[in-house]
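Okay, so here's the structure we're looking at.
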Amino acid sequence: MSKTAASLAPAADPSRWKALVFIALAQLMVVLDATIVNIALPSAQTDLGISDGNRQWVITAYALAFGGLLLFGGRIADKWGRKNAFVVGLIGFALASALGGAANGEAMMLGARALQGAFGALLAPAALSLLAVMFTDAKERAKAFGIYGAIAGGGGAVGLILGGFLTEYLNWRWTFFVNIPFAIVAAVGAWLVIRESAGSRNRAPLDIPGVVLSTTGLVALVYGFTRAESAGWSDVLTVVMFVASAVLLAAFVLVESKVKSPLLPLRVLLERNRGGVYLSLGLAVISMFGLFLFLTYYLQVVKGFSPVKTGFAFLPMIAGMIAGSTQIGARLMTRVPPRLLMGPGFLVAGLGMLLLTQLEVGSSYPALILPAQVLLGLGMGTAFMPAMSLATHGVDPADAGVASAMVNTSQQVGGAIGTALLNTIAASATTAYLTDHAAEAAAGGPAGQLIQAQAMVEGYASAIWWAVGILVASSVIALTLINTGRPGAGGPVASGSGDDAELKVPVLAH
């Protein structure tokens, strides 16, 4: 960095580490909510009289609103200011959670879930972009994103533990009410300690055509994958959703290349390092979401674990993610290029996934599942940490919100694809196994039950093989596309252009 640039760089925000506490708390709440409701769903369905056909909408309503509105939420954060968007998102999420916990019927529950998703779409990109503009020193940024990456990766598994506890010992409604204290503490703390960046807001008029096209395109895409899981890939509406999504998103890209003030400037998306992060992270999340689903069913249905015991069975993965993110990723991020953390990280996670392809009905948890989870956690934690940092590194502060939203969008779409794609593969393999062993399955009794269990496990193992391949692809993409050096080794890659790219550092004001 030149002397001129150095002289213009602001003094570090003295409240940044306090702010990180409240940003991390908010991120934990959003990530928890992605899995905590899964555990509570059977109990909620019974209490509220939700039909089997509509049960999936408790999950889908949240996913559609969250995934569809993320880009819009990221740009609103850029316009309003990240602190304002963060606090409003927290308050809205708390109110929607209270509504869900107090739901007296199907309509109220589905409405509450959609509202949670909408406010989550405002909150998540605001949280990540706050980190991006508050932590500009390479070493401090590594530590901050190490903590954030550990939460982003391990929060889903924590949700399974907390969901099991609350459902088993209190009531399913507490899986919603638990968000309220999280949100209140984070909102009050953020309001008191976070200082907004002066001159970093995007004052350009809102790109309404871009908002409409991106929202409807992403909703169609997420719904297409969600519907494929239940209705099949050849279902007419599933195909219509995929075609509509392709048309709408292509139109969105065209509009963004033409308008003066785009919702998503293509420079944010097409810069090779950020593009590599979005693509590799989205693919990796496909594997992760599928694994959470299969291991939960394997442990509860095949091994007979209780919800609480199932939650605790995921602890090695959480520990691995925290260690990988804070002890490996954060320590090495300032010493080696990001691709040398992300590429090997995804491969280590793939090795853990490879172990799980050996699952059998009688597999030992300590001998097989535990070491596989440790490898998965270490690999994902190591890869997630530099990915989260690189996704917003060097971006123009006025684009930080929408760049952060793209990280969440790639994860959300990856989650929808993972659940649908891997579930379909597993179901097909299970059906094929039962067809091959039809006579034994028809016998009934213990022998028939064993065949049913073996068929389920055969399906999980087949799908996990695909997950291994997807993680290898993530590694190849990270190693190929991401070519930036270690932070601090040179000027960051900026989303803008010109010689003044280094000067785009926000000045913090009271």
Side-chain angles (χ1 to χ4, degrees), residues 1 5 70-71 74-75 77-78 82 125 128-129 131-133 135-136 138 141-142 145 149 200 202 204 207 210 214 218 249-250 252-285 333 336-343 346 383-411 413-414 473-506:
M1 184 180 290
L70 269 167
L71 286 176
R75 185 51 88 199
D78 288 332
R82 285 163 279 278
L128 184 55
S129 57
L131 280 191
V133 299
F135 289 90
T136 52
R141 188 181 176 90
F145 276 91
S200 66
N202 190 324
D207 169 22
S214 67
L218 287 170
L249 292 177
F252 170 67
V253 172
L254 182 63
V255 167
E256 298 307 276
S257 68
K258 303 291 184 184
V259 298
K260 185 179 178 182
S261 304
L263 173 72
L264 175 62
L266 295 184
R267 63 180 179 271
V268 171
L269 193 60
L270 297 179
E271 195 281 309
R272 67 179 291 165
N273 291 287
R274 278 193 290 276
V277 166
Y278 299 148
L279 189 55
S280 61
L281 205 56
L283 284 172
V285 169
M333 187 178 145
V336 300
R339 67 179 181 278
L340 297 184
L341 290 173
M342 291 179 64
F346 288 135
F384 268 47
M385 188 263 143
M388 290 291 180
S389 177
L390 190 59
T392 54
H393 186 59
V395 77
D396 188 314
D399 293 331
V402 78
S404 302
M406 271 304 302
V407 182
N408 289 283
T409 300
S410 66
Q411 290 178 289
V413 172
S474 292
S475 177
V476 170
I477 288 167
L479 289 169
T480 305
L481 285 185
I482 296 170
N483 65 353
T484 187
R486 60 184 176 81
V493 180
S495 66
S497 61
D499 297 332
D500 65 337
E502 284 186 287
L503 305 184
K504 293 176 179 176
V505 180

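We count residues from 1, following the sequence as given.
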Legend entry - Contact summary for L283 and S474, nearest pair of heavy atoms: CB-OG, 3.2 Å
Inset, instruction - Please report the shortest heavy-atom distance between L218 and L249, naming the atom on each side. - result: N-CD2, 4.1 Å
Inset, instruction - Check whether any side-chain heavy atom of S214 lies under 4.5 Å from a side-chain heavy atom of L263, and answer yes or no. - result: yes
Legend entry - Whether N273 side chain and N483 backbone form a donor-acceptor pair below 3.5 Å: yes
Legend entry - L264 side, atom CG; R75 side, atom CZ - distance, nearest 0.5 Å: 8.0 Å
Inset, instruction - With sequence neighbours excluded, tell me which residues meet side chain to side chain contact (heavy atoms under 4.5 Å, CB included) with P125. - result: L70, S404, A405, N408
Legend entry - Heavy-atom closest contact (A478 atom, G343 atom, distance): CB-N, 4.1 Å
Inset, instruction - Hey, could you give me the CD1/CE distance between I477 and M342, rounded to the nearest 0.5 Å? - result: 9.5 Å
Legend entry - P338 to I482 - nearest heavy-atom pair and separation: CB-CG2, 4.4 Å
Legend entry - Atom pair OG/CD of S261 and E256 - distance to nearest 0.5 Å: 10.0 Å
Inset, instruction - First locate atom CZ of R272, then atom OG1 of T480, and finally report the distance between them rounded to the nearest 0.5 Å. - result: 8.5 Å
Legend entry - Nearest-0.5 Å distance that lies between atom CG in L341 and atom CZ in F384: 14.0 Å
Inset, instruction - Mind listing the closest non-hydrogen atom pair of S410 and L281 along with its distance? - result: OG-CB, 4.4 Å
Inset, instruction - Could you grab the distance from atom CG of L481 to atom OH of Y278, nearest 0.5 Å is fine? - result: 13.5 Å
Legend entry - Closest approach of D78 to R82 (non-hydrogen atoms, all atoms of both residues): OD1-NH1, 3.2 Å
